[in-house]
Number of protein chains: 2
Amino acid sequence: MAIIEAAMEEFVARGFAATRLDDVAKRAGVAKGTLYLHFKDKESMFEELIRTALVPLISRMSAPPPIGGSVRDAVERFAETFILEIASTRRGDIIRLIVAEGPRFPAIADFYFREVVSKGLAGMRALIELAIARGEIRENKLAQFPQLLVAPAIVAVIWQSLFARHAPLDAIAMFKVHLDLIFGERRTT
Amino acid sequence: MAIIEAAMEEFVARGFAATRLDDVAKRAGVAKGTLYLHFKDKESMFEELIRTALVPLISRMSAPPPIGGSVRDAVERFAETFILEIASTRRGDIIRLIVAEGPRFPAIADFYFREVVSKGLAGMRALIELAIARGEIRENKLAQFPQLLVAPAIVAVIWQSLFARHAPLDAIAMFKVHLDLIFGERRTT
DNA sequence: TGACAATGACTGACCAGTCAGTCATATATT
DNA sequence: AATATATGACTGACTGGTCAGTCATTGTCA
């Protein structure tokens, strides 16, 4: 749907309040009235968009449980995907948008917490516990704070949208160092 | 100045675009015209506010270089101060506000990068290098990414404003686990 | 032709920014 | 000291422009 894409662009670039529906319509190549055939009003358009935008994130999150190789490899592949497909792209702006508008749209913060954050953290915690059981991770208190595992990814997202211009950040290299801290220095075959 | 405080409250609560100067004036107990005796327009009011709000942060940042005890202790004290005085208070919202509005106010992102982020990271890097030289930290690639040291603090700030209601986060405990990852498990005397 | 989708001109609310006027205080004059 | 005059911080009603949301009209397709 062209409208959804157009609205996403505008909301990401200007935030909720400063986005004009005239601009969304123009970008989508429809008349303003058409928007109201699909959405009740600006606010529900915004909320539905954020929800929609998350569907791909969610499917990634609940993706492959790592039966095969080491937990570290699984986490590393996961993080690479996340950074390449989210932190370095338009989708990262969605996360920034949620941080920006969340407090003013409790419904969005709630939804995001329920559907993404709590599930994602639970998944991370499971991974961490598995790694501890296997002896890949020593620090067993890490399972209490799965946020620590993903913190650099969040920071990468923020960095890209605010400071990439001033100082580009090699998010993947950073994340590998982070994993070295957690799993111990990688064995150089 | 009552105006500054009032404006801060409103901007933090509603963001730039959705804040009404009538509300700022009412909250400050002055007439709207008075605002324009102190600020050129809404935009420069906002920018000056953000700059002003950072002064206390900056002075903290450039505070005591840790000559005395271990680097870990210094970082731990620093992080505790940061979390208690920033992440858990109104000031945390300022950081969120910068994340939210930064892309639309390049001047603010620039200023913030120059005055806070680059200086802060340089300080962190120096600390990390000292700790590596002293043998407190093994992972010597950490000096390339001082962001990793502070990432949990950033995450804590965001968590507090978005999700504290759903799941309170013990940011200090989290940070200690983080430090255990970096410095190795703490010796229990 | 009838049913439905799409349009875009229009309306009314809202709000940043203005400015003619007020008034408390300071300065000058007698 | 008493009165007159000047100053400028402050006010808030007002204006002009903007924009969310509406709806009478037009286009489309079976």
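Numbered from 1 within each chain, the chains take letters A, B, ... in sequence-line order. Just so you know, these numbers come straight off a predicted model, no measurement behind them.
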Q) If each of B:Val30 and A:Thr19 is mapped to the nucleotide of DNA chain D with the nearest heavy atom, which maps nearer the 5' terminus, i.e. the 5' end? A)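 Closest to the 5' end, via its nearest nucleotide, is B:Val30.
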
Q | Flag if over 12 foreign heavy atoms under 6.0 Å of CD, B:Glu80 | A |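 Check passes, neighbour count above 12.
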
Which of the following nucleotides, [options], is nearest to the side chain of [X]?
| X | options | result |
| --- | --- | --- |
| B:Thr34 | D:dA20, C:dA16, D:dT11 | D:dT11 |
| A:His38 | D:dA20, C:dA6, C:dA16 | C:dA6 |
| A:Leu37 | D:dA20, C:dT7, C:dG17 | C:dT7 |
| A:Ala31 | D:dG21, C:dA16, C:dG8 | C:dG8 |

Q: Not counting sequence neighbours, which residues clear ring pair (Phe, Tyr, Trp, His ring centres under 6.0 Å) with B:His166? List them please.
A: A:Phe113

Q: Under the ring pair (Phe, Tyr, Trp, His ring centres under 6.0 Å) rule, collect the residues that match up with A:Phe175, sequence neighbours excluded.
A: A:His178

Grab the [atom1]-[atom2] distance between [X] and [N] for me, whole Å please.
| X | N | atom1 | atom2 | value |
| --- | --- | --- | --- | --- |
| B:Lys32 | C:dC14 | NZ | P | 13 Å |
| A:Asp22 | D:dA20 | CG | P | 6 Å |
| A:Arg20 | C:dC14 | CZ | C1' | 16 Å |
| B:Arg14 | C:dC15 | CZ | C1' | 14 Å |
| B:Leu35 | C:dC19 | CG | C1' | 15 Å |
| A:Phe39 | D:dT22 | CZ | P | 16 Å |
| A:Lys40 | D:dT22 | NZ | C1' | 15 Å |
| B:Asp23 | D:dG12 | CG | P | 16 Å |

Q. Is the NZ or CZ atom of A:Arg104 positioned over A:Phe16's six-membered ring, under 6.0 angstrom from the centre and within 45° of the axis?
A.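 No.
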
Q.
Under 3.5 Å, is there any donor-acceptor pair linking the side chain of B:Lys42 to the base of C:dG17?
A. no

Q | Given DNA chain C, 5'-ward residue of the pair B:Leu21 and A:Gly29, judged by closest heavy atom | A |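 Result of the comparison: A:Gly29.
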
**Q.** From CG (B:Leu130) to CZ (B:Arg125), nearest 0.5 Å
**A.**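 So the gap between those two atoms works out to 14.5 Å.
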
